[in-house]
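Accompanying notes for the structure given below.
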Amino acid sequence: MSSLCFLSAGQVSENIAAAMTRYPQIFTYITCFIRYALVVLALFVVVSCGISLLRGKHDKELWGYISMPDGTRQAIEHWENVIGRSKRSDIVLNFPSVSRSHAVLMRDSNGAWSVTDLRSKTGTQVNRKAITGTSPVKSGDLISAGGVQMVLLPAPAKEQEEVRRHRIRPGFWVNPALILFWLTEFQIFACIQLMIAKYDSFTWAIPGVFLALIVVMWVWYLVFRALRRRGFEIDTLAFFLSTLGLIVTVSSHPSGLMKQFCAMLIGLLVFISLGWYLRDLERVKKLRWPAAIATIVLLAVTLVFGKTLYGAKNWINIGGLSLQLSELAKVTFILAGAATLERLFARRNMALFIVLAGMCVIVLALQGDYGTALIFFVTFLVIAFLRSGDLASVSFIAAAAVFGGFLVIRAKPYIANRFAAWRHVWEYSSGLGYQQTRTMAAAASGGLFGLGAGEGWLKNIGAASTDLVFGILCEEMGLLLALMAVSAVLILAVFTFKSASAARSSYYVIAACAAACLMVFQMSLNVFGSVDILPLTGVTFPFVSTGGSSMVACWALLAFFKAADTRQNASFAIRLERKRKGGDAA
């Protein structure tokens, strides 16, 4: 093996070709075995992560108590708690003098408490002094909402320890190291398959990148395991999808393999940096305005200086690199749109976000990037509903947008033509339906287990590795593995929605749910558009489609998932619990 490393790529190519000529039957058995093994290993990885993430309930944390007027205590299980008469309030006070949403009791990252009056009719007091806006409170202080008096009490250290001891830790159901081992086997077999398929154009970058990916993955695990972290399912699914992206890159244009791998490494750094930044809620709240400005700047720069590709002006060249800044704008848009609980009741705040969303959609429409504009709009609807809870208003906005969409279709003939071909692509197989018909034919030829990585022909169609990547997966890796890629994204989303009830702050809930909906909707447009269930919109499959900007953005969005994951010692985006004076825990 050591002597093999001194061979040139051409010599390795010649040796593989000679071996295939001399032992064709053996290579047939090897490739056949790998095709089936890849599906089985992918099944182990995705199902194991799904079991670990979705099985069982999400245990809530204990941050203190509120002593009620009747002498009972109510546990405080979040950093943000609505006090009010509504049954949906966290602290319910069923008294006529209390407003439905009267006040918000909040805790910051350092353990300090505050109470904010929500423009209630009867007012809020702290230690019998009326407050306007926000007032700090500490353990033992008297809080009065509409004349109903409560006392903020700390949680005894023994009770906090008891709660921690009974919470299920990640890795309880499935060993994360075992899942990572299966993923490593998947990567090794995929690399071997690609080396055989690409023997005539072999390059050392193929085994080099896959070896580097395995090293990065295990270093990632060992470092965070040494830091007492236990939750690796989200990261593992992302590594699995990124591996599929590297396979697609090798199959479609091997020269871009190093660039795609470097984009993944940059995405990892962004993932760590953003996750670390999200640990401090007070710091994050200060980022809203800069994030909103960054969103507009990223889109406006592309509108002014971008170049048109495939009918959309969504690419910009910076230092010889082609970047799609709208991908990065998705991250800053969510950062700007999410809000803490006391901000959700400020109408001015919501109005400003509506303005921001409208500007983003208009700029994207001017660029001709209607697929991304649709993704931004759906993300806006999710954030708007989570911020307001007003389904009627959100439905009205959606209806108005549908009407505007019809006007755009009438004003843009090429979009109207695309809709005209929708569900009738076989009638336009040489024109408007060229991409979808080829995708469906290639997907059908792959069957359940695929032709083998690198063995397909769909990669030769324009935009196959981005807009039609689901077809490449079906053709080369098989329908079963392609569906596992879809399942991986869905598992991440379902876990995020399920964990929302235990999240510490509404900011983390809104950001994570918005990121999850964005990923699922974008994946749906890619998958259903490529097989003519939906119109082809030209958007990417998260992590899998080639493109450095998309890869970096997807890893960045995962930081929101991590920030909402409050399982004990699961996430590096949440500080480890440690005892503080007075029995509080960080």
Side-chain angles (χ1 to χ4, degrees), residues 31-50 182-183 185-187 189-191 193-194 197 236-252 260 425 435-461 463-494 519-534 536-547 550-551 554:
T31 54
C32 184
F33 169 77
I34 290 177
R35 284 168 51 213
Y36 292 106
L38 288 176
V39 174
V40 173
L41 290 169
L43 182 65
F44 284 162
V45 171
V46 174
V47 171
S48 298
C49 288
W182 287 331
L183 180 54
E185 294 296 312
F186 178 88
Q187 292 162 344
F189 282 136
C191 180
Q193 177 98 53
L194 289 168
T236 302
L237 289 175
F239 279 121
F240 167 70
L241 291 169
S242 298
T243 301
L244 294 180
L246 294 177
I247 293 172
V248 169
T249 304
V250 175
S251 177
S252 55
Q260 190 72 4
V425 292
Q435 290 175 299
Q436 291 103 315
T437 53
R438 271 58 180 180
T439 299
M440 288 186 280
S445 68
L448 293 178
F449 296 94
L451 303 176
E455 299 288 356
W457 55 266
L458 181 63
K459 59 194 175 190
N460 300 316
I461 304 298
S465 63
T466 53
D467 304 351
L468 312 176
V469 73
F470 181 74
I472 292 182
L473 288 179
C474 289
E475 181 190 21
E476 299 189 0
M477 312 295 288
L479 177 62
L480 293 177
L481 199 143
L483 292 178
M484 287 176 217
V486 172
S487 300
V489 177
L490 293 178
I491 287 171
L492 290 173
V494 173
M519 276 195 183
V520 170
F521 184 69
Q522 181 170 319
M523 178 193 69
S524 300
L525 289 179
N526 180 279
V527 172
F528 294 141
S530 63
V531 295
D532 198 34
I533 296 176
L534 291 175
L536 186 63
T537 52
V539 298
T540 58
F541 192 119
F543 295 101
V544 181
S545 292
T546 58
S550 177
M551 179 67 78
C554 289

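Residue numbers count from 1 along this sequence.
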So, the side chain of [X] versus the backbone of [Y]: is there a donor-acceptor pair under 3.5 Å, distance only?
X	Y	result
Asp467	Ser545	no
Arg35	Gly450	yes
Lys459	Gly454	yes
Ser48	Val45	no

Is there a side-chain contact between [X] and [Y], using heavy atoms and a 4.5 Å cut-off?
X	Y	result
Val486	Phe470	yes
Leu244	Val469	no
Arg438	Leu468	no
Met523	Leu490	yes
Glu475	Ser445	yes
Gln435	Val425	no

**OP:** Indicate whether any N or O donor in one side chain lies under 3.5 Å from an N or O acceptor in the other, for Ser550 and Thr540.
**Re:** yes

Original post:
Would a line drawn from the ring center of Phe186 to the ring center of Phe44 be shorter than 6.0 Å?
Top reply: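 When the ring centroids of Phe186 and Phe44 are compared, they turn out to be at least 6.0 Å apart.
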
**OP:** Compare every heavy atom of Gly471 with every heavy atom of Thr439, then report the nearest pair and how far apart it is.
**Re:** CG2-CA, 3.7 Å

